[in-house]
Amino acid sequence: MNAPIGIFDSGVGGLTVAREIMRQLPGESLVYFGDTARVPYGSKSKNTVCKYSRQIVNFLMTKQVKAIVIACNTASALAVGEIREAVEVPVIDVVEPGAHMAAASTKNKSIGILGTESTIKSGIYEKYLHQLDSEITVVSKACPLFVPLVEEGLLEDRVTEDIVGRYLHEMKEYEIDALVLGCTHYPLLRGVIGREVGEKVKLVNPAYETAKSLKELLREQEILAPPESPVQYEYYVSDGVEKFISFADSVLPCHVEKTTVVDIESY
Ligand code: DGL
């Protein structure tokens with residue numbers, strides 16, 4: 001089917017999910033929306049995140065998208081049900097694929113989850129993991145400083161190592177053997193996080209798993225883009241075009257030439 005995939009996030013972080021989709025589904029066109037005016041979602045309530053997500057989905061539907069990817073972990077945790085009810089196209093979130101991979105990866109049934117305050121408070125990862133295996137022990141930690149560190153470009157820095165050490169200190173006592181990087185930005189810290197927890201702990205990147213699930217879904221529903229159809233990437237934000245483009249250029253395999261500002265409150 002020759003229609004784009006709609007993908008959204010609270011800001012720039014969802015580009016880590018867009019990047020995986022571009023790699024795994026190079027024949028698909030994308031319409032990306034980053035809510036850069038209202039970021040962060042990670043400390044906001046369910047009502048607010050649902051309202052914002054619905055407006056974004058209304059906007060994406062005007063682009064005739066064939067599927068929607070909720071790239072934001074917080075929006076996935078708080079709003080996936082509402083979004084699925086609101087639209088007729090298939091909706092994929094980042095939490096469920098990440099939880100599946102974590103359950104498949106653990107041998108000692110002890111899994112760590114890192115995320116924003118709202119994602120951790122929602123208990124969504126525990127819910128999915130316990131549905132998959134009630135014997136799994138889940139240790140969760142909100143890491144609110146990770147997002148600003150990534151957006152400041154401090155991916156390999158002593159400050160980042162220090163904060164990662166502090167956040168993960170307690171978790172290390174539980175001998176987890178799988179750790180979910182449950183926020184769009186965290187895969188960009190995988191080097192520092194990996195060194196802190198050690199190589200015996202499998203790091204689960206929900207962005208990668210989501211692109212895999214999306215590929216399966218498009219195949220199952222027979223809505224993959226026809227071979228040779230032109231591939232287009234469109235980017236929309238609610239504010240701050242320059243910052244968006246410079247972050248995008250550091251994450252995506254291709255240069256972002258144009259980003260358009262949308263008055264998202266009007267949707
Ligand atoms: N995109 C958000 C998430 O994955 C992180 C940034 C924010 O707090 O909005 O949860």
Side-chain angles (χ1 to χ4, degrees), residues 6-21 32-57 60 68-80 83 91-99 101-102 112-126 128 140-155 160 163-164 167 179-190 193 203-211 235-240 243-244 247-248 250-252 264:
I7 165 167
F8 77 92
D9 177 48
S10 55
V12 294
L15 292 166
T16 59
V17 181
R19 170 175 73 177
E20 293 300 339
I21 297 173
Y32 182 96
F33 181 85
D35 200 359
T36 43
R38 305 188 292 194
V39 68
Y41 284 11
S43 50
K44 293 196 169 75
S45 67
K46 181 175 164 79
N47 269 353
T48 302
V49 173
C50 283
K51 182 182 134 197
Y52 291 174
S53 302
R54 274 199 310 268
Q55 288 173 330
I56 297 168
V57 166
L60 290 175
I68 286 179
V69 177
I70 312 175
C72 178
N73 278 256
T74 307
S76 296
L78 303 181
V80 65
I83 295 172
V91 176
I92 285 218
D93 70 289
V94 279
V95 172
E96 203 174 345
M101 180 40 83
I113 308 290
L114 305 179
T116 64
E117 286 167 288
S118 298
T119 298
I120 297 303
K121 215 169 106 197
S122 77
I124 188 82
Y125 275 101
E126 283 93 324
Y128 281 129
S140 303
K141 181 77 183 164
C143 306
L145 290 172
F146 283 0
V147 167
L149 285 170
V150 170
E151 294 200 4
E152 282 302 312
L154 300 172
L155 305 186
T160 309
I163 290 168
V164 167
Y167 279 149
L179 178 61
V180 180
L181 307 176
C183 169
T184 45
H185 293 59
Y186 301 1
L188 298 170
L189 296 178
R190 87 179 283 141
I193 295 173
L203 300 183
V204 176
N205 177 359
Y208 179 82
E209 304 307 326
T210 300
Y235 304 91
Y236 297 89
V237 292
S238 43
D239 200 5
K243 206 174 162 204
F244 179 85
F247 192 88
S250 73
V251 170
L252 297 180
I264 200 65

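This structure is a prediction, so every number in the text was calculated from the model and none was measured. For ligands, and for the atoms within them, numbers begin at 1 and follow the listed sequence.
If you check which protein heavy atom lies closest to atom 5 (C) of ligand 1, you get Cys183 SG, 3.5 Å.
With a 4.0 Å cut-off on non-hydrogen atoms, Thr74 touches ligand 1 through its backbone as well as its side chain. Under 4.0 angstrom from ligand 1, the non-hydrogen atoms of Asn73 come from both its backbone and its side chain. No part of Val94 comes within 4.0 Å of ligand 1, judged by heavy-atom distances.
Note: no N/O pair closer than 3.5 Å links Ser43 and ligand 1 by distance alone. Taking only nitrogen or oxygen atoms, main chain and side chain alike, Thr184 reaches within less than 3.5 Å of ligand 1.
Checked against ring pair (Phe, Tyr, Trp, His ring centres under 6.0 Å), Phe247 has no partners two or more places apart in sequence or in another chain.
Less than 4.0 angstrom separates some heavy atom of Asp9 from each of these atoms of ligand 1: 1 (N). Those atoms of ligand 1 with a heavy atom of Tyr41 less than 4.0 angstrom away are 7 (C), 8 (O), 9 (O).
Between Tyr32 atom OH and Leu252 atom CG the span is 8.5 Å, to the nearest 0.5 Å. Here the CD1 atom belonging to Ile21 is positioned 9.5 Å from the OG1 atom belonging to Thr16, to the nearest 0.5 angstrom.
Between Ser118 and Leu78, the closest side-chain pair of non-hydrogen atoms falls below 4.5 Å.
With atom 6 (C) of ligand 1 as the reference point, the heavy atom nearest to it among Gly42, Pro40, Ser10 is part of Ser10.
For the residue pair Asp9 and Cys72, the shortest heavy atom distance occurs at OD1-CB, 3.0 Å.
For Gly13, the closest heavy-atom approach to ligand 1 does not fall below 4.0 Å.
A side-chain N or O of Tyr41 and one of Asp35 form a donor-acceptor pair less than 3.5 Å apart.
Between Phe146 and Tyr186, the two ring planes are perpendicular [angle over 60°; tilted spans 30° to 60°].
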